[in-house]
Amino acid sequence: MSDKTSKACEWSREGVIEGLHDGCYDYFEGDYVYVCPERTVCAHLVRLERLVKEVVACGQELFKVKAKGWNRYLIYDALGRDVLRFIWREEWMRYHYPLHRFSPHVEAFFRCSIAFRQKYCDPGVSGYPSEDVCCVAEALNGMIEDLKKVVSSDNFKSEISQHNRSSNKNRRSIVKYINALFDSKSRLLVVRVDLGYEARTKRNGGDVSYAQAKEHREEFFKELKKLFPKGDLVGYCWKLEFGISKSYHYHVMVFLDGAKRREDVSLGRLIGEIWQESVTLGKGVYFNCNSKKSAYRSCGIGMINHGELEKRESLLKAATYLTKQDVYIKIALDGGGRCFGRGELPKVGSVRKGRPRKSAAKPKITM
């Protein structure tokens with residue numbers, strides 16, 4: 001499959017489960033799940049970030065020249081092979097995520113490799129011509145030295161610190177929020193829906209603007225509050241994402257009072273239909289995650305009681321997905337637009353009805 005294809009691809013069962021957990025599936029059709037190509041890009045971004053750290057820590061030259069007769073060959077190990085491979089991946093990655101900033105390590109790698117890419121072409125499987133090998137090796141080693149200088153600079157360390165603070169802020173916020181909801185209710189019915197736009201609307205990623213997606217999101221939550229009156233709606237959170245194959249789309253978690261509501265699958269369908277029919281007037285599509293709970297590695301949706309710490313841990317893992325991608329790739333919206341939001345924290349000291357709880361323990365989750 002071509003790197004630039006925007007068509008969905010079919011994955012193995014193992015890949016399907018992982019794709020569902022990471023929220024990068026596209027849609028279900030019969031017994032098959034199709035995963036959008038952005039998932040592959042995300043995997044490459046994770047690998048490239050690790051690669052940069054390995055390269056910076058390496059104390060020897062990665063690229064050498066070996067002479068054999070009149071010919072010269074470029075010599076490198078697995079680390080050097082990955083460097084060469086990723087030098088030519090920037091265009092492909094930015095094609096799929098044109099509105100995003102990558103992590104500081106990835107951005108530094110691409111900045112330092114610009115000069116090399118401007119001077120040399122991708123050699124493919126044939127390798128570089130013998131007469132160019134010495135200059136190529138020198139240029140590659142020089143690129144690595146430049147990368148090491150950038151990563152060790154005070155400016156880069158400040159950038160990393162700021163990036164980590166920004167990425168972790170929303171993660172801490174969602175964990176605090178969900179724990180507060182359980183402090184106010186004995187059980188929650190958790191419904192997750194993913195909201196997007198149908199293929200002909202989002203084709204080429206250019207037919208839906210951020211302003212339209214924002215307007216639709218605001219209207220969606222107005223309609224959601226109408227659907228669940230009288231305190232049934234306890235809270236919600238959402239994350240905006242963008243990919244070339246799916247355009248703008250939202251991951252939404254809705255928290256309902258488990259003492260008043262049941263049938264999460266049916267409610268997920270009702271919530272999705274609000275987006276599809278009332279808000280987008282038929283241009284939207286939705287995926288009801290509660291209808292496929294068995295496909296998740298750890299299920300954090302459905303009915304969850306306050307004392308079911310294992311289920312609550314799974315819920316927190318699923319919820320923190322809404323922010324974890326920002327560690328590697330973050331949408332950059334003009335005018336400081338929001339890409340994450342949640343409801344208001346419950347009032348402190350609110351009276352809880354029912355029997356006293358046996359334990360006030362909270363689930364543990366690695367942040």
Review point. Should Cys58 and Gln60 be marked as a side chain to side chain contact (heavy atoms under 4.5 Å, CB included) after you check the CA-CA gap, both sets of side-chain angles, and the distance that decides it?
Key: CA-CA 6 Å; Cys58 182; Gln60 60 185 22; 3.6 Å; yes
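- Distance alone, capped at 3.5 Å, places no donor-acceptor pair between the Arg101 side chain and the Ala332 backbone.
- The side-chain heavy atoms of Val83 and Ile87, taken from C-beta on, include a pair separated by under 4.5 Å.
- Closest approach of Arg338 and Leu240 over heavy atoms only: O-CD2, 4.1 Å.
- Distance check, rounded to the nearest 0.5 Å: NE2 of His100 to CG of Leu45 gives 10.0 Å.
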**Study point:** Test side chain to side chain contact (heavy atoms under 4.5 Å, CB included) applied to Lys260 and Lys185, step by step
**Key:** CA-CA 11 Å; Lys260 299 179 180 180; Lys185 299 294 179 181; 5.6 Å; no
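- Between Cys42 and Tyr328, every side-chain heavy-atom pair lies at or beyond the 4.5 Å cut-off.
- Not one N or O on the side chain of Arg117 forms a donor-acceptor pair closer than 3.5 Å with the backbone of Trp88.
- Taking every heavy atom of both residues into account, Tyr177 and Gly235 meet most closely at OH-CA, 3.1 Å.
- Shown here is Lys64, whose NZ atom has no more than 12 heavy atoms of other residues, nucleotides or ligands within 6.0 Å.
- Annotation for Glu218: atom CD counts as buried by contact number, over 12 foreign heavy atoms lying within 6.0 Å.
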Point to revise | Steps toward side chain to side chain contact (heavy atoms under 4.5 Å, CB included) verdict (Phe255, Leu315) | key: CA-CA 11 Å; Phe255 304 98; Leu315 168 60; 4.2 Å; yes
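- Residues Val52 and Val56 have side chains in contact (heavy-atom distance under 4.5 Å, counting atoms from C-beta outward).
- Counting heavy atoms of neighbouring residues, nucleotides and ligands inside a 6.0 Å radius, atom CD of Glu263 does not exceed 12 of them.
- In terms of heavy atoms, Lys148 sits closest to Val55 at CE-O, 3.3 Å.
- By the 4.5 Å heavy-atom criterion applied to side chains, Arg192 and Phe287 are not counted as neighbours.
- Closest heavy-atom contact between Leu99 and Tyr248: CD1-OH, 3.2 Å.
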Exercise for review: Go through the steps to decide whether Glu219 and Glu223 satisfy the test side chain to side chain contact (heavy atoms under 4.5 Å, CB included), and finish with yes or no.
Suggested key: CA-CA 6 Å; Glu219 181 64 24; Glu223 294 296 322; 3.2 Å; yes
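- By the 6.0 Å and 45° rule, Arg312 stacks over the aromatic ring of Phe182.
- Residues Val190 and Asp264 are not in side-chain contact: their nearest non-hydrogen atoms beyond the backbone lie 4.5 Å or more apart.
- Looking at Arg47 and Glu54, a side-chain N of the basic residue comes within less than 4.0 Å of a carboxylate O on the acidic one, giving a salt bridge.
- Between Leu48 and Phe110 the shortest side-chain heavy-atom distance falls below 4.5 Å.
- With rounding to the nearest 0.5 angstrom, the CG atom of Leu84 is 12.0 Å from the CZ atom of Arg89.
- Looking at Ser173, its side chain never comes within 3.5 Å of a backbone N or O of Lys169 through a donor-acceptor pair.
- Leu140 and Ile114 are not part of a single hydrophobic cluster, where members link through side-chain heavy atoms under 4.5 Å apart.
- Summarising the geometry of Ile274 relative to Phe220, their closest heavy-atom pair is CG2-CD1, 4.0 Å, with the distance given to 0.1 Å.
- By the 30° and 60° cut-offs, the orientation of the rings of Trp238 relative to Phe221 is tilted.
- Within the 4.5 Å cutoff, no side-chain heavy atoms of Ser186 are placed close to those of Asn305.
- Leu227 and Val265 are assigned to two separate hydrophobic clusters, defined by single-linkage of ILVMFWY side chains at heavy-atom distances under 4.5 Å.
- Each of Lys239, His251, His249 was evaluated against Asp194; a single residue qualifies, His251, per the side chain to side chain donor-acceptor pair (under 3.5 Å) test.
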Exercise for review: Go through the steps to decide whether Tyr197 and His216 satisfy the test side chain to side chain donor-acceptor pair (under 3.5 Å), and finish with yes or no.
Suggested key: CA-CA 11 Å; Tyr197 297 90; His216 286 156; 2.8 Å; yes
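- The aromatic rings of Tyr250 and Trp275 sit perpendicular, their planes meeting at an angle over 60°, well past the 30° parallel limit.
- At a cut-off of 3.5 Å, with distance as the only test, a side-chain donor of Ser103 or Glu49 sits close to an acceptor on the other residue.
- Under 4.0 Å is where a charged nitrogen must lie from a carboxylate oxygen, and between Glu107 and Arg94 at least one such pair does.
- For the pair Trp92 and Thr40, the minimum side-chain heavy-atom distance is below 4.5 Å.
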Donor-acceptor contacts, no H, no angles, side chain residues 70-78, under 3.5 Å, sequence neighbours left out:
{"unit_1": "Asp77", "atom_1": "OD1", "unit_2": "Leu79", "atom_2": "N", "d": "3.1"}
{"unit_1": "Asp77", "atom_1": "OD1", "unit_2": "Gly80", "atom_2": "N", "d": "3.0"}

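- Taken from CG in Leu224 to CZ in Arg217, the straight-line distance is 13.0 Å, to the nearest 0.5 Å.
- Atom CD of Glu277 has more than 12 heavy atoms from other residues, nucleotides or ligands within 6.0 Å.
- With rounding to the nearest 0.5 angstrom, the CZ atom of Phe102 is 8.5 Å from the OH atom of Tyr97.
- Paired with Tyr236 under the rule side-chain contact (heavy atoms from CB on, under 4.5 Å), one option of Met253, Arg342, Lys225 passes, and it is Lys225.
- Interatomic distance, NZ of Lys330 versus SG of Cys339, reported as 5.5 Å (0.5 Å rounding).
- Taking CZ of Phe86 as the start and OG of Ser113 as the end, the distance is 12.0 Å to the nearest 0.5 Å.
- Heavy-atom minimum distance, Val151 versus His105: CG1-NE2, 4.3 Å.
- By the neighbour-count criterion of 12 heavy atoms within 6.0 Å, atom CZ of Arg50 is sparsely surrounded, having that number or fewer from other residues, nucleotides or ligands.
- Without hydrogens or angle criteria, Thr280 side chain to Gln276 main chain gives a donor-acceptor distance under 3.5 Å.
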